[in-house]
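Each remark here refers to the structure printed beneath this line.
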Amino acid sequence: MTPVSTFAYSAASNLLTLTWALPLASAAALALFPRQRVSAIRRFALAANTLNLILVAVLTVLFFKSPPVPNTSSGGTETMLAFAADHEWLSVLNVHYLIGVDAISITLMLLAAVILFSGTLASWTIGAPGGTGKVAALASSENGAKEFFILLQILAAGVFGCFISFDLFTFFVFNELTLIPTYLLIALFGSGRREYAAMKLTLILMGGSALIFLGIFGLYFESGIHSFSILELSQVRFHPDFQGWAFPVLFLGFGILGNMFPFHIWSPDGHASAPTAVSMLLAGVHMKLGAYGCLRIAMYLLPEGAGMWMNVFLIPAVVGVVWGGFVAVRQKDLKYMNAYSSVSHCGLVFVGLATLNLIGLRGAVLQMLAHGFITATVFAVIGMIYQRTHTRRIPDMSGLMRSIPFLSVVFVIAGMAALGLPGFAGFAAELNIFLGAFAAAGTLARMGAVLAVLSIIVSAIYILRAVNGVLHGPPKENAAVLSDAVPVEKIALLTLLAAILVLGLWPGPVVHRIDDALMPILNNLKR
Amino acid sequence: MDNPVLLTQEAWSSLQTAAWAVLILPLLSFLVNGLWLGRKHERAAGWTATALLGATLACALHVASGWRSLVLQHPELYPSRTALAWEHVWLNFGGNLSARLGFYLDPASVMMIVVVSAISFLVHFYSIRYMKHERGAGRFFALLSLFTFAMLGLIVSGNLIQTFFFWELVGAASYLLIGFWYTKPAAVAASKKAFVLTRFADAFFLMGVLLTGVNTGSFDFLVVNGPAAAAELNRTLGAGLFAFKLLSVTTVLLYMGAWGKSAMFPFHVWLPDAMEGPTPVSALIHSATMVVAGVYLTARLFPLFAAAEHTLQLVAFTGALTAVFAAAVACTQTDLKRILAFSTLSQLGLMMLALGVSIPTVANGGGGAVTTIANTAGYTAALFHVFTHAFFKSLLFLSAGVIIHAIHSNDLRDAGGLRKKMPWTYISTLAACLALAGLWPFAGFFSKEEILGAALGNGHFTFVAAGLLTGGLTAFYMTRYFVLVFHGSARTHASSAMNADHAGAAHHGPTEPLLMVLPLIVLTVPSVLVGWLGRNAFLKDMLPWTSSATAPVEHLEAHAGFPWMVLVATALALSGIGTGLYLYGRKRWTAGYADDRGPWLYRILRDKLYVDEVYSFLIRKVGSRFVITPADWAERKILNASFDQGGGVLNKLARGLSRYQNGQVQRSVATALLGLVLLLALYFSGSPLPHLFGSLK
Amino acid sequence: MSTPFSTPFLSAFLPDLALLVLALVVLTTEIVFRKHQARWTARVAVAGLAAVLILLAALPLPSGGVAYAGYQVTRSVVVWKQLFALATLATILLSRSYFRNGHSLRGALANPGAFYGLLLFSTTGMFALVSARDLLTFYIGLELATLPLYALTALQPRNAGSIEAGSKYMLMGAFASALSLFGISFLYGAAGSLGFDALAKVASAQPSLSAQPFLLAGVLMLLGSLGFKLAMVPFQMWAPDVYEGAPTAVTAFLSTGSKAAAVAATTTLFLGPLNLPRIDLGAIFALAAVLSLLAGTLGAMRQSNLRRFIAYSSIAQAGYMLMAFTGGEGSEAAARIALQYNLLVYGTASFALFFVVSLVGRSAPETIPSLRGLSARSPALAALLALSLFSLIGIPPLAGFLGKFLLFAVAARNGHYTLIFIGALAVALSFYYYMRLLKEAYQPVQTAENRGAPASAVPLSPIRLSLAGKCAAALLAILLVVLGTCPGMLNFIASR
């Protein structure tokens with residue numbers, strides 16, 4: 001057994017466990033609250049999520065302050081984990097609670113923590129009488145807040161658990177843990193065709209899980225070492241025949257979760273129906289689990305399979321980039337617009353992965369972060385606008401800039417970030433992806449790169465269409481009665497914008513450590 | 001190969017501090033006004049922004065003088081007149097490939113930062129009065145400063161990534177400023193059009209940037225423009241019908257950015273519409289600064305473009321086409337600002353033409369094409385024209401702003417007889433018009449002569465003809481503009497009321513507010529003088545950095561050989577003015593027809609050659625009907641429906657099963673027996689069917 | 001080999017004997033306690049079963065087990081017996097309220113002595129079944145386990161459905177018995193003995209299946225007969241009718257205890273002496289698993305009757321469990337662990353489900369629409385329902401996930417990846433049909449969406465749980481979570 005490599009702060013592994021235990025514990029604690037005390041419930045949820053944000057921020061700082069990992073550029077294929085811990089869990093199947101983080105997972109955790117924090121603030125009106133408009137009966141009654149926050153916290157626990165797990169079984173458990181809260185949050189607290197959307201989302205995601213499940217069993221039994229540990233499996237050279245079928249299975253499984261064309265059909269309905277915080281968390285973080293799994297599990301453990309199949313997967317990735325944009329142009333519902341824009345942007349993540357070079361992979365990771373922050377911001381603003389106007393249809397709105405300037409300005413900024421304006425996170429990510437794609441070997445990759453670059457035109461079209469339609473133009477008669485963002489909402493949005501700007505203006509330090517984390521994966525791909 | 005020298009530590013000086021300040025002060029203005037001041041104290045916002053921009057101008061001048069004394073006076077240290085004030089790595093891509101943020105000083109960038117900060121300062125100052133009664137003035141100043149910051153960042157970038165970074169930012173600032181009056185549907189549509197169209201071009205530009213970086217291993221202009229990079233790019237990719245020269249493709253892609261930003265035909269359609277924005281914005285962004293960014297970029301990459309086979313021809317061709325086309329269209333427009341916009345297009349075309357005609361002779365050396373640039377007169381002329389044009393065109397826009405402010409209309413037909421009421425505006429507009437028409441001794445004369453001389457010197461007679469034609473048309477439409485605005489009698493209620501009744505004018509405030517006229521007067525000076533003052537400095541120093549030392553000498557000699565050209569050009573300009581005076585001064589013609597009447601040529605030009613209609617057709621009919629609609633349809637009816645259909649199939653199967661399983665014991669037993677017998681039979685027959693889900697091992 | 005009177009012999013067989021005695025005693029309590037007979041019979045049965053469970057747990061057993069004639073007791077057999085006893089115990093606890101008037105729309109149960117006695121006799125049969133060392137004991141155990149169930153199914157004489165179900169069940173059971181007798185006789189013909197040891201020797205000595213058609217025919221017939229008990233396709237068609245017609249408590253026992261016995265019997269035979277890698281029984285089990293998953297899934301999608309729904313769901317669950325038999329040689333221990341653990345968690349979830357059903361069934365027919373508004377009537381009960389359904393689907397961290405994971409792992413071990421994929425897809429689809437229940441439970445009662453149903457038809461009264469009910473609900477909920485997250489129970493089963 002490969003020893004778990006640690007380089008600092010081994011005591012911090014308990015803090016790492018706390019990142020998922022805290023939301024879970026808060027969910028349990030919330031269950032004890034009397035349901036009428038809505039205010040206390042959301043304050044408690046906010047406190048828990050603020051604490052978690054601080055916790056993850058501290059861990060991130062500790063991580064980035066620690067010295068860089070040695071030996072990565074010299075062909076090492078072992079992922080070095082910070083804050084690692086390893087406990088046997090189920091001896092029958094050699095399942096371990098193996099946790100730790102590298103730069104990729106810690107940054108994604110920070111993403112999750114920030115979005116969770118902002119999401120909590122953005123759902124401040126859940127449970128308030130008449131707050132969310134025509135949502136489910138549960139939400140409009142005073143009973144909603146309790147269930148809502150309990151489910152949100154469970155969802156968060158699953159997400160954090162995934163990012164720290166380096167044991168496939170544990171990873172899978174945490175991944176599946178997110179399904180039910182997602183389903184219930186949409187089905188109970190959503191809007192529109194919420195039950196249909198929730199069921200569609202869950203069924204397709206469970207279909208993806210079926211593939212992941214299959215792949216994980218394959219890895220376990222075909223490795224010959226009967227281990228679920230990613231660290232140990234990464235050192236195994238699987239038979240090419242096995243890689244030939246297991247890679248597409250795993251990549252597709254995670255790809256479905258990661259919103260890959262043509263399996264993205266769960267996401268627009270799901271995101272459009274979900275309540276604001278859930279849309280934020282789903283599109284911003286949960287979807288990233290898919291791309292993260294593609295990178296961390298499919299590509300890292302089955303590098304030869306990646307070599308065989310990546311050109312094939314490039315095609316749906318590029319098609320998704322273009323397709324999502326085209327369909328987004330036609331959407332009238334703001335949430336659908338953003339959901340299809342997510343299809344396009346998540347397609348870019350897969351284009352980055354398909355380059356199989358450092359710049360492209362780094363671009364993919366950056367794009368996960370960038371898209372996470374940006375799409376969460378857009379969903380948050382859309383949700384807040386919806387609360388005020390009770391509509392999300394672009395044709396029904398006009399000239400909101402005059403009545404709700406703060407939200408409108410944030411919408412413009414987020415839109416600009418989404419269309420890849422330099423200075424925002426999206427540009428740094430897209431630049432790397434495009435460069436990686438142009439640098440990748442093969443005509444196909446370059447053709448893909450050309451199409452992917454051209455997609456920035458389409459993104460400009462649909463985003464400006466939304467911005468112009470909703471914010472600009474002559475104000476509607478009833479616009480004067482709308483009230484601008486309250487402090488709670490402002491904090492939520494400003495936190496997200498700050499993240500987008502920081503990542504967009506100073507990507508250097510983050511990228512440097514992400515490169516370190518990508519080197520083992522890249523070295524595996526090269527061997 | 002000359003390398004730029006990063007100003008060394010002992011040379012760390014006020015120059016570098018000033019260089020930082022040039023970028024930080026406008027940014028500070030943006031942040032202060034955007035986040036705080038602009039929302040509470042709109043008056044203070046204007047003054048604060050103007051003060052900060054004044055400081056920026058001072059810093060820019062300091063940078064210029066510092067560059068002059070530190071760099072230009074030391075050719076032994078900086079043979080290419082190029083230096084980096086400072087540079088930081090923004091993102092590393094492995095190897096030498098990195099995206100850097102720096103402050104690049106060479107003759108072109110020093111000239112541009114001075115011009116941009118000066119005009120920006122004046123426009124800020126002018127806007128204090130112009131925006132006095134506007135809602136959201138704080139936002140206006142914040143965005144104007146943001147634009148200035150982005151433009152300055154674009155100018156001083158020493159590499160393609162930084163260029164693209166600020167290239168997009170100026171586009172976004174332009175978008176926000178065009179749509180400043182966001183409740184006006186026309187302004188909103190124009191802002192979207194401008195952004196999307198330039199974004200379209202920028203996508204190709206980005207591709208060019210990435211291809212350059214990937215293939216040459218660097219984004220830096222200094223490397224990219226070197227012979228090694230050109231040789232690296234000079235490959236043929238593909239085969240047969242799909243064979244293409246990488247160098248040509250890359251340079252054309254890079255030029256696409258310039259094409260869109262400088263609004264060359266057929267990407268010009270956004271610029272006239274952009275006039276929906278406030279007039280100061282037009283003066284700053286859409287005449288003097290952002291639109292010349294394309295010209296500037298082409299000049300920046302000039303050596304690379306020159307190394308490619310046909311790229312410069314393309315540049316010259318698009319330039320000439322746009323110059324003539326826009327000048328012709330400008331003769332028929334009736335909107336004050338649109339006339340100026342088409343004029344800008346035409347002048348931008350001339351600049352591009354100038355760059356394009358500097359076609360080098362290509363000599364084949366051993367092992368590959370080695371490029372030498374024989375005559376860079378066009379390069380110098382283009383940047384010289386950028387310089388002179390900035391002053392008189394922004395002056396024209398600002399004066400148009402005063403006029404619009406006074407008569408509350410954009411329409412030429414509403415103006416008239418304003419000479420007496422607006423003497424300062426009259427004088428300054430006259431100077432600008434003459435400069436634009438290219439009459440001696442006004443600024444435009446010199447730069448136009450340089451352009452024509454360069455074209456002639458390189459033997460491009462077609463382009464010379466295009467330039468001369470443009471010159472004649474320019475003189476004509478500016479005369480038309482000038483005469484119809486200031487002479488004759490007032491044609492509308494607004495202007496006549498102002499003429500007749502002074503009380504009415506007092507009601508609207510002074511006709512020529514001092515704060516607005518002051519910048520006009522200030523700008524009149526360079527419009528008259530910079531031509532002959534700047535000419536020698538440009539001829540001496542404004543050279544692409546790879547050019548040989550002999551180039552300027554050659555250039556001067558070439559120019560001296562064509563004295564008759566000056567006479568021809570002046571004669572054409574004068575005849576244009578004469579025709580204008582004859583037709584409009586004597587009231588033979590009015591500004592235009594109110595309806596669809598008029599000769600066919602007039603109609604075609606007035607309708608701008610129907611380019612907008614072609615776009616509309618392409619977007620609405622082709623793009624929407626054949627791309628967006630089918631994609632949307634397939635998304636709903638194929639992808640999403642397949643999920644629902646799958647559910648439907650399962651449901652049908654389920655119904656069939658429950659119908660079959662009706663609870664009869666006979667059927668149960670029969671099923672069980674059948675299954676058992678079938679299994680036994682299959683097993684004994686050796687069929688593979690029972691192993692359908694068997695092990696893969 | 002132990003003698004009948006040695007200590008290991010006693011510790012091995014005492015629980016079985018105790019259970020037999022208990023069954024007889026319970027039959028006669030009716031005579032002793034004329035008044036409150038239902039309550040006292042139940043008390044005696046519960047106490048007795050608790051004693052049996054203690055005996056099973058406490059009595060030491062040599063590691064190799066104890067065998068005497070056609071009967072053997074090993075540590076893994078004890079685990080089976082514990083499972084059966086637990087299922088019976090839970091059934092008795094669940095059924096107590098059905099003897100009271102007004103506690104079910106279908107009418108009260110009568111004859112508590114007969115009811116509990118038959119239940120305990122069935123359990124005794126199961127004990128014998130897993131302890132069998134030859135086909136004769138096996139057959140006797142099988143019949144003893146099944147015969148009382150026919151009677152139990154029909155033990156609600158005033159309910160026509162109950163009678164009909166009982167007779168259908170008995171007809172089908174007779175058919176199954178015939179099959180097993182056929183199979184046993186073929187096997188006897190092939191092996192010349194009924195003993196498992198001899199059978200194993202013959203089975204493993206055959207070079208190919210064509211050499212011994214009788215052996216194969218016998219094996220397949222026995223498989224068919226066990227397929228009835230398992231409700232495995234194509235022998236599953238009785239299940240929905242019987243589950244629907246039987247008294248709720250009996251349905252619960254059918255879907256847990258009886259299913260566990262069928263699985264145990266299949267394990268005893270097909271992971272024991274009849275583990276025939278050469279004729280690739282794994283492929284047959286895989287085929288049956290896929291078909292059962294399909295039939296269960298499709299069937300469950302459209303039911304509105306809760307007990308019919310549960311029947312189909314149990315067919316699908318049988319499909320998952322059949323996957324454990326595809327592991328091939330060397331997977332016996334893993335398969336047994338997976339099955340026992342899975343039955344434990346499946347049983348727990350099922351009883352949680354039946355607990356909810358029994359409470360809802362007091363005032364409404366046991367249909368899915370009756371669940372509407374449950375979350376408003378009793379949030380705790382709705383939560384228990386949710387937990388139980390999520391566990392049945394196999395959502396972590398609930399116990400059902402680990403159970404399924406173990407089953408799939410056995411199939412994966414031998415490379416049945418297609419089967420695993422289908423199984424995982426079935427999990428996804430099972431989400432669809434299980435969620436139908438939960439959707440109703442969390443559906444607000446008074447909305448525009450239930451415009452079809454008059455408000456009065458929906459019982460709105462809050463459901464109040466007794467203290468014992470609360471304790472049971474809490475215990476079940478905790479078990480569902482703890483079994484999935486704490487490896488203790490799994491390790492215990494694995495150590496046996």
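In the text below, chain A, chain B and the rest are named by the order of the sequence lines, each starting its count at 1.
- Residue contact with chain A, scored on non-hydrogen atoms closer than 4.5 Å, is absent for B/Arg636.
- In terms of heavy-atom pairs under 4.5 Å with chain B, the best-connected choice from A/Val329, A/Val409, A/Thr443 is A/Val329.
- Atom CG in A/Asp515 sits 10.5 Å away from atom CZ in B/Phe93 (nearest 0.5 Å).
- For a residue to count as touching a neighbouring chain, one of its non-hydrogen atoms must lie under 4.5 Å from one of that chain's; by this rule B/Ile161 touches chain A with the side chain only.
- Note that CD1 of B/Ile628 and CD of A/Gln331 are 10.5 Å apart. Values are rounded to the nearest 0.5 Å.
- Only the side chain of B/Phe219 comes within contact range of chain A, with heavy atoms under 4.5 Å apart.
- Of all non-hydrogen atoms in A/His472 and B/Tyr175, the two that sit nearest each other are CE1-OH, 3.8 Å.
- For A/Val467, the part lying under 4.5 angstrom from a heavy atom of chain B is the side chain only.
- Options A/Pro507, A/Ala439, A/Pro262, A/Ala460 differ in how many heavy-atom pairs under 4.5 Å they form with chain B, and the most are formed by A/Pro507.
- For A/Phe263, no part sits under 4.5 Å from any heavy atom of chain B, backbone or side chain.
- Using a 4.5 Å cut-off between heavy atoms, A/Ser408 does not touch chain B at all.
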Could you walk me through whether B/Tyr182 and A/Asn468 satisfy the side chain to side chain contact (heavy atoms under 4.5 Å, CB included) test, starting with their C-alpha distance in whole Å, then the side-chain angles of each, then the deciding distance to 0.1 Å, before giving a yes or no?
CA-CA 8 Å; B/Tyr182 55 81; A/Asn468 284 351; over 6 Å; no
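- Proximity to chain A involves both the backbone and the side chain of B/Ala634, based on heavy atoms less than 4.5 angstrom apart.
- Heavy-atom distances place the side chain of A/Phe427, and not its backbone, under 4.5 Å from chain B.
- With a threshold of 4.5 angstrom between heavy atoms, A/Phe261 approaches chain B through side-chain atoms but not through N, CA, C or O.
- Heavy atoms closer than 4.5 Å to chain B are found in both the backbone and the side chain of A/Arg465.
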Chi angles and distances behind the side chain to side chain contact (heavy atoms under 4.5 Å, CB included) call for A/Ile457, B/Asp202: CA-CA 8 Å; A/Ile457 305 166; B/Asp202 292 351; over 6 Å; no
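- Here the side chain of B/Trp90 pairs a donor or acceptor atom with the backbone of A/Leu505 at under 3.5 angstrom.
- Contacts of A/Val412 with chain B are made by side-chain atoms alone, with heavy-atom separations under 4.5 Å and no backbone atom involved.
- Scanning all heavy atoms of the two residues, the minimum distance from B/Ser624 to A/Arg330 falls at OG-NH2, 2.9 Å.
- Within the 4.5 angstrom heavy-atom criterion, no atom of A/Leu358 approaches chain B.
- For the set B/Glu635, B/Glu168, B/Arg139, the entry with the most heavy-atom pairs within less than 4.5 Å of chain A is B/Glu635.
- Ranked by heavy-atom pairs under 4.5 Å with chain A, the first of B/Val188, B/Val627, B/Val209 is B/Val188.
- Only the side chain of B/Leu176 comes within less than 4.5 Å of a heavy atom of chain A; its backbone N, CA, C and O stay farther away.
- One distance of note links NZ of B/Lys193 with CG of A/Leu464; it measures 14.0 Å at 0.5 Å rounding.
- By number of non-hydrogen pairs under 4.5 angstrom with chain B, the leading residue of A/Val450, A/Leu203, A/Val322 is A/Val450.
- The candidate from A/Leu454, A/Val511, A/Asp269, A/Val458 with the greatest count of non-hydrogen atom pairs under 4.5 Å with chain B is A/Leu454.
- Only the side chain of A/Met416 comes within less than 4.5 Å of a heavy atom in chain B; its backbone stays farther off.
- Nearest heavy-atom pair across B/Leu169 and A/Pro422 is CD2-O, 3.8 Å.
- Atoms CE and CZ, on B/Met207 and A/Phe434 in that order, are 9.0 Å from each other to the nearest 0.5 Å.
- With a 4.5 angstrom heavy-atom cutoff, B/Leu91 touches chain A only via side-chain atoms.
- The OG1 atom of B/Thr183 sits 13.0 Å away from atom CG of A/Leu471, with the distance rounded to the nearest 0.5 Å.
- The structure places CG of B/Leu206 at 5.5 Å from CD1 of A/Ile456, a figure rounded to the nearest 0.5 Å.
- Looking at A/Ala449, there are no atoms closer than 4.5 Å to chain B (heavy atoms on both sides), in backbone or side chain.
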